[in-house]
Amino acid sequence: MSPKAPITQDVMTIPRKLPEGKMNLVGLTRDQLRAALIEHGTPEKQAKMRTGQIWQWIYQWGVRDFGEMTNLAKAYRAQLAEHFVIEIPEVVTRQVSEDGTRKYLCRIAGGHEVEVVYIPEEDRGTLCISSQVGCTLTCSFCHTGTQKLVRNLTAAEIVGQVMMARDDLEEWPTPGAPKDETRLLSNIVLMGMGEPLYNFENVRDAMKIAMDPEGISLSRRRITLSTSGVVPEITRTAEEIGCLLAISFHATTDETRDVLVPINKRWNIEELLQALASYPNASNSERITFEYVMLDGVNDSDEDAHRLIDHIKRHNIPAKINLIPFNEWPGAPYKRSSNNRIRAFANIIYQAGYASPIRKTRGEDIMAACGQLKSATERARKSRKQIESEAGLG
Ligand code: SAH
Ligand code: SF4
């Protein structure tokens, strides 16, 4: 795979000004928002109504400036601006692939960077968001897992990625105008950098905001959380978030899965399958996605396909199997299975009665495909440095 030059690459270096001592309202739950308003002078009696108004401005209309909140008294707007900000991650670079995929490099507090990918399709637009900077897990086929620096993203930084993409897609409605039902950003997948179930509360709060009907209002069925298999948190995902679940399965024996997805040493295949079998929301209309990366000679035999089906059938799990052609990265210890091998594997699964779509690789020319996100960050970092030094800034 030789990444081609992207069609466009805008580089914006917006200085990050975090006004001292001000609190960011983005990412707060409704209760937290209400408490923050009361703490800073909103009379308790009015707090519920003000919470609703401010919530709508932020999440329904995409407003970031208290001055634009025209249904609030001028003095109250000024009071809000004194104590609060409405802040989302800043876009550092934005690349658009030949196939329309957009990749954003976003800067968050502390100068860390995360990547966000927007994938337009005929009937939907999916935003792939990150939950951590890097990942503490070390799946051997994933480049993100080799990144040392890790911190959990805040709820603001997680829902902020969605707001940032809506900005770029110019998808905020105009206040007062009728609701537009066609959505450029219709789906969210938590499949970027990080293990979302190791940052449960922030992911939950952010997704609750994305689902809130008086705001971004995405259906819980249009949000998919992908986990490598943090077994104790799986049930909570259904109970507290209610979104769809995808599992990075990737191997059919513990021996192989221990190597590919080392969290398997903590919770093995059997324990994982038991947790999935009792996933509260799973049904034929809400199947669990088994993600399976196709690695040449490692996990892609006919026997693997049969074992995979056997695991799923034995536990009676409503499932679909998403085969992911391995995306190579510099120094990766694996090769992608051949197209024929992937098709043969898919066919065995299909014959057994399960959907077995092969994930189309998107945004490869801008290194936006699954598992390529770390290298992309480093490349972008380098090019920004070069740009800054060329401009005499560095
Ligand atoms: N940490 C979570 C979510 C992020 S990874 C998880 O592991 O599920 C999103 C998906 O991309 C996972 O299924 C992951 O296994 C897959 N992936 C990682 N590296 C990849 C690569 N190099 N090629 C193809 N898929 C990859
Ligand atoms: Fe982390 Fe997921 Fe990559 Fe594993 S596949 S290292 S859990 S991001």
Side-chain angles (χ1 to χ4, degrees), residues 1 3 114-117 119 126-153 158 161 188-200 203 207 223-231 233-234 237 243-251 256-267 272 275-276 288-296 298-300 308 319-337 342 357-364 367-377:
M1 184 205 65
V114 289
E115 279 160 335
V116 185
V117 180
I119 307 144
T126 303
L127 192 70
C128 177
I129 62 176
S130 295
S131 56
Q132 297 181 309
V133 182
C135 186
T136 53
L137 300 169
T138 51
C139 303
S140 51
F141 56 90
C142 173
H143 210 194
T144 305
T146 66
Q147 188 172 332
K148 283 215 181 68
L149 192 66
V150 176
R151 95 156 159 80
N152 278 341
L153 298 191
I158 298 168
Q161 296 171 54
I188 295 176
V189 292
L190 281 145
M191 294 186 187
M193 295 159 71
E195 170 47 61
L197 295 189
Y198 275 166
N199 187 14
F200 189 90
V203 166
M207 291 305 101
I223 300 177
T224 303
L225 182 150
S226 173
T227 177
S228 57
V230 185
V231 164
E233 306 289 349
I234 285 179
T237 307
C243 59
L244 303 187
L245 189 67
I247 296 289
S248 288
F249 207 71
H250 305 320
T256 306
R257 197 164 190 270
D258 280 352
V259 176
L260 297 182
V261 191
I263 201 177
N264 196 68
K265 292 185 209 150
R266 180 76 185 78
W267 295 288
L272 176 58
L276 299 180
I288 294 174
T289 302
F290 281 64
E291 297 168 283
Y292 200 94
V293 65
M294 297 298 291
L295 305 172
D296 184 32
V298 175
N299 64 354
D300 63 349
L308 179 59
K320 64 177 166 202
I321 293 91
N322 199 183
L323 301 178
I324 315 174
F326 174 60
N327 293 309
E328 291 176 23
W329 36 271
Y334 303 108
K335 294 247 162 299
R336 178 185 291 188
S337 309
I342 298 176
I358 300 168
R359 191 178 288 176
K360 216 171 132 205
T361 298
R362 299 288 302 262
E364 226 177 353
M367 291 289 281
C370 307
Q372 293 185 316
L373 293 185
K374 177 200 169 182
S375 45
T377 308

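Each ligand, and each atom within it, is numbered from 1 in the order the structure gives. Just so you know, these numbers come straight off a predicted model, no measurement behind them. Index from 1, following the sequence.
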Any non-hydrogen protein atom less than 4.0 Å away from atom 6 (S) of ligand 2: yes
Within-4.5 Å side-chain heavy-atom neighbours: S131 and V203: yes
Exercise: do Y292 and S248 side chains pair donor with acceptor under 3.5 Å: no
Atom 2 (Fe) of ligand 2 [closest protein heavy-atom partner, distance rounded to 0.1 Å]: G194 O, 4.5 Å
Ligand-residue contact atoms, ligand 1 with G194, heavy atoms, under 4.0 Å: 1 (N), 2 (C), 3 (C), 4 (C)
Close approach, G192 and ligand 1, non-hydrogen under 4.0 angstrom: yes
Atom 1 (Fe) of ligand 2: nearest protein contact (heavy atom, Å): C135 SG, 2.3 Å
Between T136 and E195: side-chain donor-acceptor atoms closer than 3.5 Å: no
Short side-chain donor-acceptor distance under 3.5 Å, N322 and E291: no
From C128, S140, S226, C139 - option closest to atom 8 (O) of ligand 1 by heavy atom: S226
pair N199-I158: side-chain heavy atoms closer than 4.5 Å: yes
Minimum heavy-atom distance between V150 and C135, given as atom pair plus value: CG2-N, 3.6 Å
Result of checking L225, T224, T227 against M191 for side chain to side chain contact (heavy atoms under 4.5 Å, CB included): T224
Structural part of M191 in contact with ligand 1, heavy atom criterion under 4.0 angstrom: both
Minimum-distance protein heavy atom relative to atom 4 (Fe) of ligand 2: C139 SG, 2.3 Å
For the student: nearest non-hydrogen atoms of G194 and T144, plus distance: N-CG2, 4.1 Å
Those atoms of ligand 2 less than 4.0 Å from some heavy atom in L137: 6 (S), 7 (S)
Within reach of ligand 1, part of H250 (heavy-atom separation under 4.0 Å): side chain
Pair F141 + H250: ring centers closer than 6.0 Å: yes
Chi angles and distances behind the side chain to side chain contact (heavy atoms under 4.5 Å, CB included) call for I234, L197: CA-CA 8 Å; I234 285 179; L197 295 189; 4.2 Å; yes
Ligand 1 contact on N327 by region, counting heavy-atom pairs under 4.0 Å: both
Atoms in ligand 1 with a heavy atom of S248 nearer than 4.0 Å: 6 (C), 7 (O), 8 (O), 12 (C), 13 (O), 14 (C), 15 (O)
Contact atoms of ligand 1, heavy-atom distance to I324 under 4.0 Å: 24 (C), 25 (N)
Atoms in ligand 2 with a heavy atom of S228 nearer than 4.0 Å: 7 (S)
T227 and ligand 1 - part of the residue with a heavy-atom distance under 4.0 Å: backbone
Geometric N/O contact F141 with ligand 1, under 3.5 angstrom: yes
Where ligand 1 meets W329 - atom numbers and elements under 4.0 angstrom, heavy-atom basis: 22 (N)
Considering all heavy atoms, the nearest V261-F249 contact: CG2-O, 4.2 Å
Intermediate values then yes/no, side-chain hydrogen bond (donor to acceptor under 3.5 Å, both in side chains), R257 and N299: CA-CA 9 Å; R257 197 164 190 270; N299 64 354; over 6 Å; no
Contacting atoms of ligand 1, where contact means under 4.0 angstrom from a heavy atom of F326: 21 (C), 22 (N), 23 (N)
Verdict with reasoning, M193 to E115, per side chain to side chain contact (heavy atoms under 4.5 Å, CB included): CA-CA 7 Å; M193 295 159 71; E115 279 160 335; 4.2 Å; yes
Nearest non-hydrogen protein atom, atom 3 (Fe) of ligand 2: C142 SG, 2.4 Å
Atom indices of ligand 1 within 4.0 angstrom of C142 heavy atoms, with elements: 18 (C), 19 (N)
Per-atom contacts, ligand 1 versus S228 - under 4.0 Å to a heavy atom: 6 (C), 7 (O), 8 (O)
